[in-house]
Amino acid sequence: MSKPQHFHFVLLLSTVVVALAAIANAAAATSITPRFKEAPSFYNSPDCPLIIDENHGFSILFSDQAVHVAMTLDTAYIRGTVAAILSILQHSSCPQNIAFHFVYYERAILRRATISSSFPHLNFLVYPFYDSSVSRLLSTSIRSALDCPLNYARSYLANLLPSCVHRVVYLDSDLVLIDDIAKLAATPLGDNSVLAAPEYCNANFTSYFTSTFWSNTYFSLTFANRKACYFNTGVMVIDLDRWREGDYTTKIEEWMEVQKRMRIYELGSLPPFLLVFAGNIVPVDRRWNQHGLGGDNFIGLCRDLHHGPVSLLHWSGKGKPWARLDANRPCPLDALWEPYDLLQPKTPFALDS
């Protein structure tokens, strides 16, 4: 065999080996990947604007007129992500004008296939989030689930999404909407604010940081002249242009570097956001984040809704509705999540009388 022929043979053999390995890995992963049924189709109401982008033709993925939503695709939460997407589409007046941006960490092909099969007409893009982006900055938290690198993806959205996407609604995967997301996306951010979120100023703010933080004069002055209020980072409206201009990813990373050296907080990706933004955000009506519904899955604690109207139900906390439903130990409010669950087959459940 001549050298050129030998080279092409080796190249072909290598390609076949790589392809076979990919098929084998996909098959192995498929055996543990949940199966979901196809969602119904959702169409715009007659008064929805027709979005035509001059640079990309009929496409909402890069248009200012679209509602842009960012979420993560994670193995443990894919069932919640699918339910969240369905709830968003079902309650939107203009579902075809929503562009989804999914950030993934691993097994992107399978997760993308899951989204495509459940929502064949969904407008979406996927973006890789590499461990190297954040692994050097990670420190352990009081809950191992908070240590996943993908939990920090929200800090990098301005880097991951195209520069033509100027505003995005970031959502966690353990929630459902029962209102039109366009209302949330249209939240005015004023002249200077980078993000908006439901704000809670009656929370014990000091509990989010360690005594090491508060005993250090330089650190404790971080909140001087700021009305430090807690906000949940699972629901945020973000001006990506202002984020990029202010280089807020670097500001968050700087606090994570301090954490690596001095342990100034315990709760994963939330405290760096509070250090940078608390007291400087636009408050959103709390109806848009009825959070804490996860309660505590270990002692069976169920949470009630906060007082007032509800537009978004958020199962933040240790207990997730799909896990409690599968175990036939649901909390009453888990029944509000179940209609959006596209898993097939589903485990029957019963609420206690």
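Closest approach of Arg35 to Leu343, counting heavy atoms only: O-CD1, 3.4 Å. Closest non-hydrogen pair, Ser269 versus Asn151, comes out as OG-O, 3.5 Å. Contact between Ile60 and Ile98 at its shortest, heavy atoms only, is CD1-O, 2.9 Å. Of all the heavy atoms in Cys94 and Ser45, the pair that sits closest is SG-OG, 4.5 Å. Between Glu199 and Pro283 the shortest heavy-atom distance is OE1-CB, 3.6 Å. Looking at every heavy atom in both residues, Pro162 comes nearest to Phe62 through CG-CE2, 4.0 Å.
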Kindly indicate, with the supporting measurements, whether the criterion side chain to side chain contact (heavy atoms under 4.5 Å, CB included) is fulfilled by Thr81 and Thr72.
CA-CA 8 Å; Thr81 303; Thr72 58; 5.7 Å; no

What do the steps show when you test His101 against Val69 for side chain to side chain contact (heavy atoms under 4.5 Å, CB included), and what is the final call?
CA-CA 6 Å; His101 303 266; Val69 179; over 6 Å; no

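Leu189 and Val284 fall into different hydrophobic clusters, defined by Ile, Leu, Val, Met, Phe, Trp and Tyr side-chain heavy atoms under 4.5 Å apart, directly or through other members. Under the 4.5 Å side-chain heavy-atom criterion for grouping Ile, Leu, Val, Met, Phe, Trp and Tyr, Val169 is not connected to Val282 through any hydrophobic cluster. With hydrophobic clusters built from ILVMFWY side chains whose heavy atoms lie under 4.5 angstrom apart, Leu305 shares a cluster with Trp337. No continuous path of hydrophobic side-chain contacts links Val67 to Tyr43 [ILVMFWY only; heavy atoms under 4.5 Å].
A donor-acceptor contact shorter than 3.5 Å is absent between the side chain of Asn232 and the backbone of Asn289. Of the possible donor and acceptor atoms, none in the side chain of Ser92 sits under 3.5 Å from a partner among the backbone N and O of Ile88. Panel note: side chain Thr187, backbone Leu184; a donor-acceptor pair is recorded below 3.5 Å. No donor-acceptor pair closer than 3.5 Å links the side chain of Ser155 to the backbone N or O of Thr249. Panel note: side chain Arg324, backbone Gly294; a donor-acceptor pair is recorded below 3.5 Å. A distance-only check finds a donor-acceptor pair linking the side chain of Arg167 to the backbone of Ala185 [under 3.5 Å]. With hydrogens and angles disregarded, a donor-acceptor distance shorter than 3.5 Å links the side chain of Ser63 to the backbone of Gln65. Put simply, the side chain of Lys251 gets close to the backbone of Gly246: a donor and an acceptor are under 3.5 Å apart. When atom types are taken as modelled, the side chain of Glu38 and the backbone of Phe119 share no donor-acceptor pair closer than 3.5 angstrom.
No side-chain donor from either of Thr212 and Arg263 sits under 3.5 Å from a side-chain acceptor of the other. Checking His166 against Asp239 by side-chain atom types alone, no donor-acceptor pair falls below 3.5 Å. For the residue pair Asp179 and His91, no side-chain donor N or O sits within less than 3.5 Å of a side-chain acceptor on the partner. The closest side-chain donor-acceptor pair between Glu253 and Tyr152, if any, does not fall under 3.5 angstrom. Between the side chains of Trp214 and Thr206, no donor-acceptor pair of N or O atoms lies under 3.5 Å.
Checked options Phe231, Trp315, Tyr200; the residue passing with His291 is Tyr200 (criterion: ring pair (Phe, Tyr, Trp, His ring centres under 6.0 Å)). Of the residues listed (Phe277, Tyr265, Tyr248, Phe219), the one engaging Trp255 in a ring pair (Phe, Tyr, Trp, His ring centres under 6.0 Å) is Phe219, and it is the only one. Of the candidates Asp174, Asp172, Asp341, Lys320 forms a salt bridge (Lys or Arg N to Asp or Glu O under 4.0 Å) with just one, namely Asp174.
The pair Asp180-Lys183 fails the salt-bridge criterion, with no side-chain N (NZ, NE, NH1 or NH2) lying under 4.0 Å from an Asp/Glu carboxylate O. Here Arg329 does not pair with Asp334 in a salt bridge; the nearest charged N to carboxylate O distance is not below 4.0 Å.
Annotation: Phe205 is in aromatic contact with Phe223 [ring centroid separation under 6.0 Å]. Aromatic ring centres of Tyr127 and Phe129 lie farther apart than the 6.0 Å criterion allows.
In this structure, CG on Leu336 lies 12.0 Å from OG on Ser87, to the nearest 0.5 angstrom. For the atom pair CG (Asn192) and CZ (Arg242), the distance works out to 6.5 Å, reported to the nearest 0.5 Å. Remark: Ile281 CD1 to Lys227 NZ distance equals 11.5 Å, nearest 0.5 Å. For the atom pair CG of Leu275 and CD1 of Ile264, the computed distance is 5.5 Å after rounding to the nearest 0.5 Å. Taking OH from Tyr104 and CG from Asp74, the interatomic distance works out to 14.0 Å, rounded to the nearest 0.5 Å. The structure places CG of Leu125 at 12.0 Å from CG of Leu160, a figure rounded to the nearest 0.5 Å.
Sequence neighbours left out, not one pair with a member in residues 230-276 passes disulfide bond (SG atoms under 2.5 Å apart).
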